[in-house]
Amino acid sequence: MAVIIGLIHGDGIGPEIVNEAKKVLDAVSRKYGCDFEYENLLLGGASIDATGLPLTEETVEKAKQCAAVLMGSIGGDAKTSPWYQLPADKRPEAGLLGIRKALNLFANLRPAYLYDELKDACPLKPEMTANGFDMIIVRELTGGLYFGRRYTETVDGLRTAVDTLTYNEAEIRRIAVKAFEIAQKRRKKVTSVDKANVLDSSRLWRAVTEEVAKDYPDVTLEHMLVDNCAMQLVMNPGQFDVILTENMFGDILSDEASMTTGSIGMLSSASLNETKFGLYEPSHGSAPDIAGKNIANPIATVLSAAMMLKFSLDMDAAADDIESAVQKVLSEGYRTSDIYSEGCTRVSTSEMGSLIAERI
Ligand code: NAD
């Protein structure tokens with residue numbers, strides 16, 4: 001039976017990088033004899049141009065029929081694109097927030113992996129990364145401070161702003177379950193990050209995480225305070241396997257971790273809901289400055305496709321094949337411009353996609 005994969009080509013470099021990921025998925029399909037059927041979906045600027053809206057009901061309904069959705073990225077140059085003359089709720093980014101909400105994508109996954117071949121791009125001292133690092137940050141995406149009640153009022157003549165950080169135990173449990181399930185597919189360690197020495201929400205987070213851990217005896221759970229975690233990420237990133245954390249801490253820590261890899265064009269991501277469904281996309285934006293030039297790095301999107309195979313389609317071996325193919329291409333010295341260094345072979349977006357696909 002065909003597996004239906006939604007493709008959101010999106011804006012800027014989106015169409016170029018999604019085409020390369022599709023090339024790699026086609027190679028997987030040939031090798032494993034599986035039948036992928038692609039459903040093209042509109043989102044962001046491309047959707048505004050076609051329908052006047054950044055997200056339509058049709059896209060949401062079609063996405064719900066897919067096993068998973070792979071996306072390039074959306075958005076344009078805020079200074080020059082007419083999309084940014086529109087009210088905020090009609091701009092490309094509103095489409096992305098809308099689809100995450102409509103599909104109830106509460107778990108955001110951001111891996112950070114240091115390739116030996118790209119160690120020079122890592123801003124950390126070599127002794128901090130001697131053994132490399134390979135972690136995934138599992139961030140709660142639909143609760144906490146960003147979604148709590150907020151208001152500004154005058155109290156005793158002073159402007160006073162209030163944001164509230166709310167989590168209930170069900171919200172914590174479902175993201176913790178995701179983190180433990182992911183750890184089972186990796187090195188079986190979860191570091192739950194909180195601020196339990198100060199925050200009530202963190203104390204509940206810690207208690208519920210410990211309850212969930214009892215169902216995963218093969219996975220080790222440790223707790224770490226967020227301030228310590230921020231330090232450990234740059235001092236000893238190799239210690240982490242799965243980092244589990246709430247929305248705002250995850251927002252900050254995942255950006256910190258991704259910078260330590262040194263190359264934005266290599267970073268994949270996923271947003272999952274309670275079923276196997278997920279939306280998979282590179283961590284970077286639509287790079288309008290290089291769009292249409294066939295020079296963008298497609299690897300983040302290709303690795304997002306690998307995550308899709310692992311987490312939504314249970315095709316772990318195929319996902320490993322893609323990761324090994326990327327590794328091989330890098331060790332053979334092929335680089336797109338963003339990760340190019342002296343002595344390597346510079347290749348275009350489409351050449352990089354073909355090189356990876358050929359090694360599946
Ligand atoms: P960006 O990530 O698009 O680009 C930042 C810099 O990195 C640019 O110089 C770009 O050329 C480079 N870059 C990014 N991806 C690359 C790749 N694959 N290969 C080579 N170089 C790459 O960030 P930005 O310029 O701040 O944002 C551009 C647009 O993307 C904006 O409209 C923004 O809202 C949107 N955006 C979308 C998403 C998303 O779809 N999830 C995420 C972030 C930004």
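Starting from 1, each residue takes its place in the sequence as its number. Atoms within a ligand are numbered from 1 in the order they appear, just like the ligands themselves.
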Would you tell me which option among G285, G14, S81, A287 has the nearest heavy-atom contact to atom 12 (C) of ligand 1?
A287
Carboxylate-amine/guanidinium contact D251 R110, below 4.0 Å:
no
Protein heavy atom under 4.0 angstrom of atom 37 (C) of ligand 1, is there one?
yes
Just by distance, do the side chain of D77 and the backbone of P288 share a donor-acceptor pair under 3.5 Å?
no
Which residue supplies the protein heavy atom nearest to atom 19 (N) of ligand 1, what is that atom called, and how far is it?
N297 N, 2.9 Å
Considering non-hydrogen atoms of the protein only, which is the closest contact for atom 32 (O) of ligand 1, and what is the distance?
G76 O, 2.7 Å
Under a 4.0 Å N-O cut-off, is there an ion pair linking D163 with R150?
yes
Atom 41 (N) of ligand 1 has as its nearest protein heavy atom E281 OE1, 2.9 Å
Please name all residues satisfying ring pair (Phe, Tyr, Trp, His ring centres under 6.0 Å) with Y113, sequence neighbours left out, ordered by chain then number.
Y115
Going by the salt bridge (charged side-chain N to carboxylate O under 4.0 Å, His left out) test, which pairs reach into residues 287-304, not counting sequence neighbours?
none
Closest to atom 9 (O) of ligand 1 (judged by heavy-atom distance), picking from L279, I339, I17, D289
D289
re atom 25 (O) of ligand 1, the protein heavy-atom contact at minimum distance is P288 CD, 4.6 Å
Under a 4.0 Å threshold between the charged nitrogen and the carboxylate oxygen, would R100 count as salt-bridged to E281?
yes
Test item: Q85 side-chain N/O and P82 main-chain N/O as donor-acceptor pair under 3.5 Å:
no
Closest to atom 16 (C) of ligand 1 (heavy atoms only, candidates I295, I13, L267, D77) is I13
To check your reading of the model: name the closest protein heavy atom to atom 30 (O) of ligand 1, its residue, and the distance in Å.
S286 N, 3.0 Å
Give the atoms of ligand 1, by number and element, whose distance to some non-hydrogen atom of L96 is under 4.0 Å.
39 (C), 40 (O), 41 (N)
Can you sort out which atoms of ligand 1 are near M71, meaning under 4.0 Å from one of its heavy atoms?
40 (O)
Which of the atoms of ligand 1 are close to G75, meaning less than 4.0 Å from one of its heavy atoms?
32 (O)
Tell me which one of D11, I290, I264 gets a heavy atom nearest to atom 7 (O) of ligand 1.
I264
Does the side chain of L105 come within less than 4.5 Å of T142's, by heavy atoms?
no
Can you tell which part of I74 has a heavy atom less than 4.0 Å from ligand 1: side chain, backbone, both or neither?
both
Is it true that R30 and D26 have a side-chain N and a carboxylate O under 4.0 angstrom from each other?
no
Structural part of Y84 in contact with ligand 1, heavy atom criterion under 4.0 angstrom
side chain
Around atom 33 (C) of ligand 1, find the nearest protein heavy atom and jot down its residue, atom name and distance.
E93 OE2, 3.6 Å
State whether D200 and R203 are salt-bridged, where the test is any N-O pair (Lys NZ or Arg NE/NH1/NH2 against Asp/Glu carboxylate O) under 4.0 Å.
yes
